[in-house]
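Letters A, B, ... mirror the listed sequences (proteins, then strands); counts begin at 1. Since the structure is predicted, the reported quantities are computational estimates derived from the model, not experimental observations.
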Number of protein chains: 2
Amino acid sequence: MNRGSRNSGHSDAHGRRGGVNLPALRGHNEALVLDLLRGAGPAGLGRTELAARTGLTPQAVSKITARLGADGLVAEAGRAASTGGKPRTLLRLVPDARHAVGVHLDRDVLRAVRVDLAGRVVADSGGPLDFGAGPEAAVEAVVRAVARLRDPDGPPLLGVGVAAPGPLDHRAGVMGRVTGFPSWKGFPLRGVLEGRLGLPVLLDKDTNAGAAAAAGAWLRATWPEPGSEVDVAGAGAVGADAAAPAGDGLAGGGPHTCVYLHVGTGLGAGLWLGGGVYRGARSAAGEFGHQVLLLDGPPCRCGARGCVEVLCLEAVARGDLPGAARIVGEAAANLVALLDVDRVLLGGRVVASAPDVFVAGVGAVLAARALDPARPVVALAGAGVAEGAAEMALTSLFGRAG
Amino acid sequence: MNRGSRNSGHSDAHGRRGGVNLPALRGHNEALVLDLLRGAGPAGLGRTELAARTGLTPQAVSKITARLGADGLVAEAGRAASTGGKPRTLLRLVPDARHAVGVHLDRDVLRAVRVDLAGRVVADSGGPLDFGAGPEAAVEAVVRAVARLRDPDGPPLLGVGVAAPGPLDHRAGVMGRVTGFPSWKGFPLRGVLEGRLGLPVLLDKDTNAGAAAAAGAWLRATWPEPGSEVDVAGAGAVGADAAAPAGDGLAGGGPHTCVYLHVGTGLGAGLWLGGGVYRGARSAAGEFGHQVLLLDGPPCRCGARGCVEVLCLEAVARGDLPGAARIVGEAAANLVALLDVDRVLLGGRVVASAPDVFVAGVGAVLAARALDPARPVVALAGAGVAEGAAEMALTSLFGRAG
DNA sequence: ACCACTTTCGCAACAGTGTTGTCAAAGTGC
DNA sequence: GCACTTTGACAACACTGTTGCGAAAGTGGT
């Protein structure tokens with residue numbers, strides 16, 4: 001019934017493990033089924049297939065799907081062709097059973113989206129933001145944006161995902177020392193927003209939200225466009241990401257390993273490893289800008305020499321975008337080799353200024369250095385960071401680690 | 001009772017998720033408790049503390065520990081000081097309740113160890129091996145070594161972990177194309193060994209076993225030496241790894257993120273991320289040797305230019321070991337920044353030839369480039385690869401992903 | 001048209017998990 | 001010696017997925 005108050009402790013994909021009790025077990029299995037149904041798209045899946053994929057007995061699947069049906073999350077979707085006996089009745093996720101909100105706090109703009117359970121944008125809102133004006137003003141802006149997105153007649157909201165720049169403590173929901181904005185250091189953004197909004201709030205780095213968007217794009221591709229509402233504010237966000245979801249060699253439920261590379265005033269990476277965002281021991285993973293690519297190269301503001309960031313931004317400064325793309329490509333190839341990455345997504349202002357140059361440039365280096373020429377796939381980050389933030393809020397239903 | 005036949009499907013740390021039924025739930029919670037007791041060392045832990053750390057109720061912990069006690073895995077270990085009421089009775093893991101075997105197949109030697117549940121070496125065996133002589137001869141050598149280690153009067157063996165060089169398919173247990181040894185390609189080593197030994201067998205890359213050893217070393221440090229038996233065969237494996245386990249800022253149960261760097265005929269990395277070995281989508285993660293560190297540098301046999309491997313091995317070839325250490329250090333620093341690594345462990349023949357030079361050289365670069373000067377810890381891989389392979393076999397009890 | 005067969009899927013009884021309520025045991029501190 | 005706190009076990013309980021069985025709904029052969 002009350003699916004918001006799920007028991008806390010169960011196995012994270014990358015965090016500490018906790019004990020599992022009966023409610024947590026139920027939640028895990030329900031999330032698993034929902035995740036499979038989400039990956040199946042509007043065509044749906046039969047109970048037998050769900051049983052085979054989860055490893056549960058058909059009877060258990062029937063009980064679980066009955067509960068989900070009572071909650072309105074799942075509905076019947078016709079029958080499949082018979083395989084020699086009674087045809088299986090297909091079950092489909094009801095995308096409008098719940099919604100979630102994602103907010104992207106950037107340095108000068110705020111963008112917020114409301115998405116359905118398939119991750120599709122149902123409504124969006126946004127406007128200018130002066131990040132330097134301090135946390136209080138930003139909180140007000142977020143509260144106003146969420147209020148505009150809220151629909152009293154619509155389905156309940158699962159939560160709000162907030163993507164913010166710079167270092168921050170994901171667990172505590174506290175901002176870190178954002179370069180150039182000292183007033184934000186230590187601000188408990190998650191707690192404050194939860195108090196103001198009365199909804200669960202997740203706070204994470206914008207690059208991690210980008211990685212979540214990259215992983216979620218795979219799933220979104222299995223669902224048709226919702227119809228009217230279209231993403232407008234995402235400047236230069238071309239959907240070069242319509243690769244066929246099938247035949248990816250994956251069991252289902254999205255790509256195994258995605259990397260989101262952000263090239264803006266700095267360089268950052270979001271890592272989606274094995275079905276969840278990887279944050280490292282102290283939420284500091286993804287430091288991509290200061291990977292050394294040229295030993296004893298030009299000095300960087302970080303103190304080292306020959307970092308990706310210096311090399312790339314120098315190339316950008318002298319107008320050599322193909323050169324910058326090559327630099328990013330070499331660093332990306334290092335990362336792809338190290339982590340066995342499936343997909344590389346590119347985003348950020350510099351990329352948006354010349355998307356084709358970067359996709360081609362990075363793709364060329366990756367193809368030259370990859371062992372498997374078909375991998376990894378390089379694409380533009382079609383979905384914005386706000387969509388990724390919303391995606392993270394959806395994980396309370398689909399069970400991926402948050 | 002029969003703890004070997006645990007229900008298959010439950011949540012891996014990095015793999016695909018499966019449904020959870022009651023036996024799997026029980027197994028998860030028992031593994032969790034055993035893992036905590038293992039981390040506590042011989043001093044033991046009270047039931048109340050176990051309940052607090054797992055999130056389970058005290059009553060559930062009592063039931064679980066009663067089952068574990070009946071299996072002989074856990075025993076009482078005195079009482080703690082009272083905190084104002086009845087003093088808690090301490091529970092301790094019984095290390096000799098089960099054993100496991102780890103085998104390291106190297107290019108010219110084989111080393112096998114039998115370890116107890118604390119990961120301590122109880123017996124070892126080894127000898128020369130001609131890896132090029134083909135799989136059949138190696139299988140015979142492994143069978144002989146395991147037979148020597150087996151003790152009919154000893155505790156039951158949980159399984160055998162096998163660490164082998166080169167690419168291989170961890171899931172299927174099949175060898176890949178080991179450079180220089182074409183006869184191994186496609187050989188189903190795990191299946192063959194399971195048939196010959198009658199025990200569960202895990203096959204993984206030697207670098208991954210090294211990472212497991214690195215993570216396990218943290219736990220071994222909490223248990224005293226077993227007494228007589230001492231590691232002899234591990235050439236140059238100095239135990240520079242006695243850092244105090246406490247005060248590491250971690251909740252318990254080992255470091256969050258470890259990296260094992262192997263410097264031998266090639267360079268490889270084993271990644272221990274968030275409590276488990278990270279293998280990537282196609283078991284290909286850890287490709288460390290061909291990270292580009294010097295754009296347009298000297299050509300490497302892999303086709304790229306300026307890889308770590310060329311730079312490092314060139315420095316070694318001209319006798320410049322500090323230079324080689326610096327190269328490895330810069331590449332390690334990239335990796336540490338990207339993944340937020342806690343510990344870096346060094347191993348392999350080249351490192352063993354001048355351990356102090358490499359530990360100091362790598363440490364210096366890491367200290368210079370790290371944000372937090374206290375991290376990461378650099379040390380020599382005190383435990384050998386065989387110990388790591390045994391550690392992986394222990395995961396069937398302690399629940400970390402395999 | 002009929003029958004045998006396969007497959008799907010729900011009902012009822014069941015085994016086993018952690019949880020709750022209650023109480024005895026074993027300490028500390030006044 | 002008494003009040004209080006804390007530990008931890010027993011019994012009843014709520015709820016999970018599992019098993020056994022049978023009805024429903026198709027296909028394909030006769």
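For A80(A), the side chain to side chain contact (heavy atoms under 4.5 Å, CB included) criterion is met by R88(A), L90(A), not counting sequence neighbours. In terms of the side chain to side chain contact (heavy atoms under 4.5 Å, CB included) criterion, residue partners of A118(B) (sequence neighbours excluded) are, by chain and number, P95(B), D116(B), R120(B), W223(B). Under the salt bridge (Lys or Arg N to Asp or Glu O under 4.0 Å) criterion, R92(B) pairs with no residue, sequence neighbours left out. Remark: A172(A) engages D169(A), V174(A) in a side chain to side chain contact (heavy atoms under 4.5 Å, CB included) (not counting sequence neighbours). Partners of R114(A) according to the side chain to side chain donor-acceptor pair (under 3.5 Å) rule, which considers only residues two or more places apart in sequence or in another chain, are H99(A). The side chain to side chain donor-acceptor pair (under 3.5 Å) search around N29(A) returns none, not counting sequence neighbours. Every residue two or more places apart in sequence or in another chain that forms a side chain to side chain contact (heavy atoms under 4.5 Å, CB included) with A60(B) is listed here: L56(B), T57(B).
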task: Would you mind building the protein contact string for nucleotides 10-16 of chain D? One character per nucleotide, 5' to 3', B for base within reach (heavy atoms under 4.0 Å), S for sugar-phosphate only, - for untouched.
output: B----BB
Between the protein and nucleotides 23-30 of chain C, list every N/O to N/O distance that falls short of 3.5 Å.
residue : atom : partner : partner atom : Å
dG27(C) : OP1  : R79(B)  : NH1          : 3.1
dG27(C) : N2   : G84(B)  : O            : 3.2

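A sub-4.0 Å separation between OP1 or OP2 of dG8(D) and a side-chain N or O of T89(B) is present. Taking only side-chain nitrogens and oxygens, T57(B) never comes nearer than 4.0 Å to OP1 or OP2 of dG18(C). The phosphate of dG8(D) (OP1 or OP2) has no side-chain N or O of S62(B) nearer than 4.0 angstrom.
Rounded to whole angstrom, the span from the CD1 atom of I64(A) across to the P atom of dC9(C) amounts to 15 Å. Spacing between atom CZ of R88(A) and atom C1' of dG26(D) amounts to 13 Å, rounded to whole angstrom units. The distance from atom CD of E76(A) to atom P of dA25(D) is 13 Å, rounded to the nearest whole Å. Per the geometry, CG belonging to L91(B) stands 13 Å off P belonging to dT7(D), to the nearest Å.
Using a distance-only test at 3.5 Å, with no hydrogens or angles considered, no donor-acceptor pair links the side chain of D342(B) to the main chain of C258(B).
When every heavy atom of G161(A) is checked against every heavy atom of A393(A), the shortest pair comes out as N-CB, 3.8 Å. Annotation for Y278(B) and G274(A): closest pair OH-N, 4.2 Å, computed over non-hydrogen atoms. Contact between A390(B) and V115(B) at its shortest, heavy atoms only, is CB-CG2, 3.7 Å.
Contacts of residues 41-50 of chain A with DNA chain D (heavy atom under 4.0 Å): none.
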Donor-acceptor pairs under 3.5 angstrom involving side-chain atoms of residues 43-52 of chain A: please list them, not counting sequence neighbours.
residue : atom : partner : partner atom : Å
R47(A)  : NH1  : T89(A)  : OG1          : 2.8

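Five base pairs at each end of the helix from dA1(C)-dT30(D) to dC30(C)-dG1(D) define two local axes, and these are offset by 10° (rounded to 10°).
Expressed to the nearest 0.5 Å, how far CZ of R38(B) lies from CG of L117(B) amounts to 7.5 Å.
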